[in-house]
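Any value given below was found using the heavy atoms of this structure, including those in side chains, with hydrogens, waters and symmetry copies removed. Since the model is a prediction, treat every value here as computed from it, not as a measurement.
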Amino acid sequence: MRRPELGAQREGWKQVEGRAAVPGWRLVPMRLNQNTLLLGRKVVLVPYTAEHVPRYHEWMQSEELQRLTASEPLTLEQEYAMQRSWREDADKCTFIVLDAEKWQAQPAAAEESCMAGDVNLFLTDPGDPTLGEVEVMIAEPSCRSKGLGTEAALMMLSYVTKLGLTKFEAKIGQGNEPSLRMFRKLHFKQVAVSSVFQEVTLRLTMSEPQQRWLLEQTSHVEEKSYRDRLTESC
């Protein structure tokens, strides 16, 4: 995820690339996924909890991931604070991506051992609640180039359409060819290039044909209660 500097988040405010959103902005209840588990063929999406923080923190020590996500390294304490922010803020929707093969092979295993990355959506335009920005990160090296990021993105797009979002953007570093290819495969079209931020902006508008295609791609996905999964693991 593109992680804002700690302190940029205040109650009712969101900082997006130096621009402050309208105070008290609560257009959509983005915390609707706090008890949601989405089961796909290659990935399982679960809410971002404190259990996931140590592994996530370990990933984000990588200079490569810092560069690709435009992030600064955080202390573990700051990482826990960031997790609470992403879990509680109403303008974000975040899932941790689990490797479905590992998760299903070890039903009682800690989710931390199955973590592959994360997928996020956040509202960036207070004047347009139908627009969301999508980010996908497959951080675990052994999980890359296997289609996990593609399925995670499709599942997120399908999940948040219930909120009335019809337009999606992805901002990708110009040198991040794997991510650029993935979003183009998902029918995103390039709409802008920023030489300042060295990133490409791609956009997807949900027309009726596009909605049908998305439904076909995610018809296998099951939505379950995350609390029930935790109970089963105890």
Side-chain angles (χ1 to χ4, degrees), residues 1 28-53 55-56 83 86-88 90 92-123 130 132-140 142-166 168 170 179 182-183 185-188 204 206-234:
M1 63 182 70
V28 183
M30 295 291 276
R31 287 173 289 182
L32 84 167
N33 75 320
Q34 60 188 334
N35 186 37
T36 300
L37 180 151
L38 299 178
L39 176 60
R41 294 193 179 101
K42 296 183 178 183
V43 302
V44 180
L45 303 188
V46 297
Y48 185 26
T49 71
E51 175 190 347
H52 306 121
V53 171
R55 183 63 178 141
Y56 196 94
Q83 178 269 326
W86 277 83
R87 182 70 182 267
E88 297 168 5
K92 306 179 182 71
C93 185
T94 299
F95 285 104
I96 289 294
V97 178
L98 307 181
D99 182 323
E101 184 177 0
K102 292 180 181 178
W103 185 82
Q104 292 174 321
Q106 308 174 57
E111 288 177 4
E112 188 177 354
S113 66
C114 305
M115 287 172 61
D118 68 347
V119 58
N120 315 282
L121 181 135
F122 43 88
L123 304 178
T130 68
E133 183 175 336
V134 183
E135 292 182 341
V136 183
M137 178 181 74
I138 300 301
E140 191 63 37
S142 64
C143 295
R144 295 174 184 166
S145 302
K146 294 183 177 180
L148 275 68
T150 299
E151 185 175 52
L154 285 167
M155 289 165 65
M156 173 63 92
L157 292 173
S158 178
Y159 182 69
V160 297
T161 53
K162 67 179 69 177
L163 300 176
L165 276 72
T166 58
F168 300 95
S179 288
M182 185 195 78
F183 278 101
K185 182 179 178 180
L186 299 179
H187 303 171
F188 280 68
L204 171 68
M206 281 293 176
S207 62
E208 285 190 18
Q210 183 63 44
Q211 289 176 332
R212 288 196 298 269
W213 178 82
L214 180 61
L215 182 61
E216 291 170 359
Q217 299 301 308
T218 58
S219 60
H220 63 283
V221 176
E222 298 179 53
E223 182 173 335
K224 300 185 176 184
S225 166
Y226 184 60
R227 293 194 189 94
D228 290 348
R229 155 67 178 170
L230 294 180
T231 301
E232 292 169 3
S233 299
C234 294

Worked check of side-chain contact (heavy atoms from CB on, under 4.5 Å) between Thr49 and Arg87:
CA-CA 8 Å; Thr49 71; Arg87 182 70 182 267; 3.4 Å; yes

Run the side-chain contact (heavy atoms from CB on, under 4.5 Å) check on Met206 and Leu204 step by step: do they pass?
CA-CA 6 Å; Met206 281 293 176; Leu204 171 68; 3.8 Å; yes

With side-chain contact (heavy atoms from CB on, under 4.5 Å) as the test, would you mind laying out the steps for Asn120 and Trp86 before giving the verdict?
CA-CA 9 Å; Asn120 315 282; Trp86 277 83; 3.9 Å; yes

What one should report as the nearest heavy-atom pair of Thr36 and Phe95 is O-CE2, 3.7 Å

Lys224 side chain to Leu38 main-chain N or O, any donor-acceptor pair under 3.5 Å?
no

Contact between Leu45 and Leu37 at the side-chain level, heavy atoms closer than 4.5 Å - yes or no?
no

Could you check if a side-chain atom of Phe168 sits within less than 4.5 angstrom of a side-chain atom of Leu186, using non-hydrogen atoms only?
no

Under 3.5 Å: donor-acceptor pair, side chain of Ser158, backbone of Leu154
no

Least distance between heavy atoms, Val119 atom then Ala152 atom
CG2-O, 4.0 Å

Does Arg55 come within less than 4.0 Å of Glu111, counting only side-chain N to carboxylate O?
no

Looking at Glu140, I'd like to know if its CD atom is crowded, meaning that more than 12 non-hydrogen atoms belonging to other residues, nucleotides or ligands lie closer than 6.0 Å.
yes

Give, for atom OG1 of Thr94 and atom CG of Leu121, the distance between the pair rounded to the nearest 0.5 Å.
9.0 Å

Quick check: do Gln211 and Thr161 have side-chain heavy atoms less than 4.5 Å from each other?
no

Does the side chain of Met156 come within less than 4.5 Å of Cys93's, by heavy atoms?
yes

Could you check whether any side-chain N or O of Asn35 sits under 3.5 Å from a backbone N or O of Arg227, counting only pairs where one atom can act as donor and the other as acceptor?
yes

Asp118 and Tyr56: side chain donor to acceptor below 3.5 Å
yes

Answer yes or no: is there a donor N or O on one side and an acceptor on the other, between the side chain of Asn33 and the main chain of Pro47, under 3.5 Å?
no

Donor-acceptor contact present, side-chain Lys92 to main-chain Glu88, <3.5 Å
no

Give, for atom CE of Met182 and atom CZ of Phe188, the distance between the pair rounded to the nearest 0.5 Å.
8.0 Å

Compute whether any side-chain donor of one residue and acceptor of the other, for Gln83 and His52, lie under 3.5 angstrom apart.
no

Distance-only donor-acceptor check, side chains Tyr159 and Thr218, under 3.5 Å
no

Thr150 and Leu148, any side-chain heavy atoms less than 4.5 Å apart
no

Check whether any side-chain N or O of Asp99 sits under 3.5 Å from a backbone N or O of Ala116 as a donor-acceptor pair, and report yes or no.
no

Exam field: side chain Arg144 to backbone Ala139, donor-acceptor pair closer than 3.5 Å
yes

Pick from Gln104, Glu223, Met155: which one makes a side-chain contact (heavy atoms from CB on, under 4.5 Å) with Leu39?
Gln104

Using side-chain contact (heavy atoms from CB on, under 4.5 Å), reason through Glu135 and Ser179 one step at a time and then give a plain yes or no.
CA-CA 10 Å; Glu135 292 182 341; Ser179 288; over 6 Å; no

Using modelled atom types only, decide if a donor and an acceptor are shared between the side chain of Glu151 and the backbone of Val43 within a distance under 3.5 Å.
yes

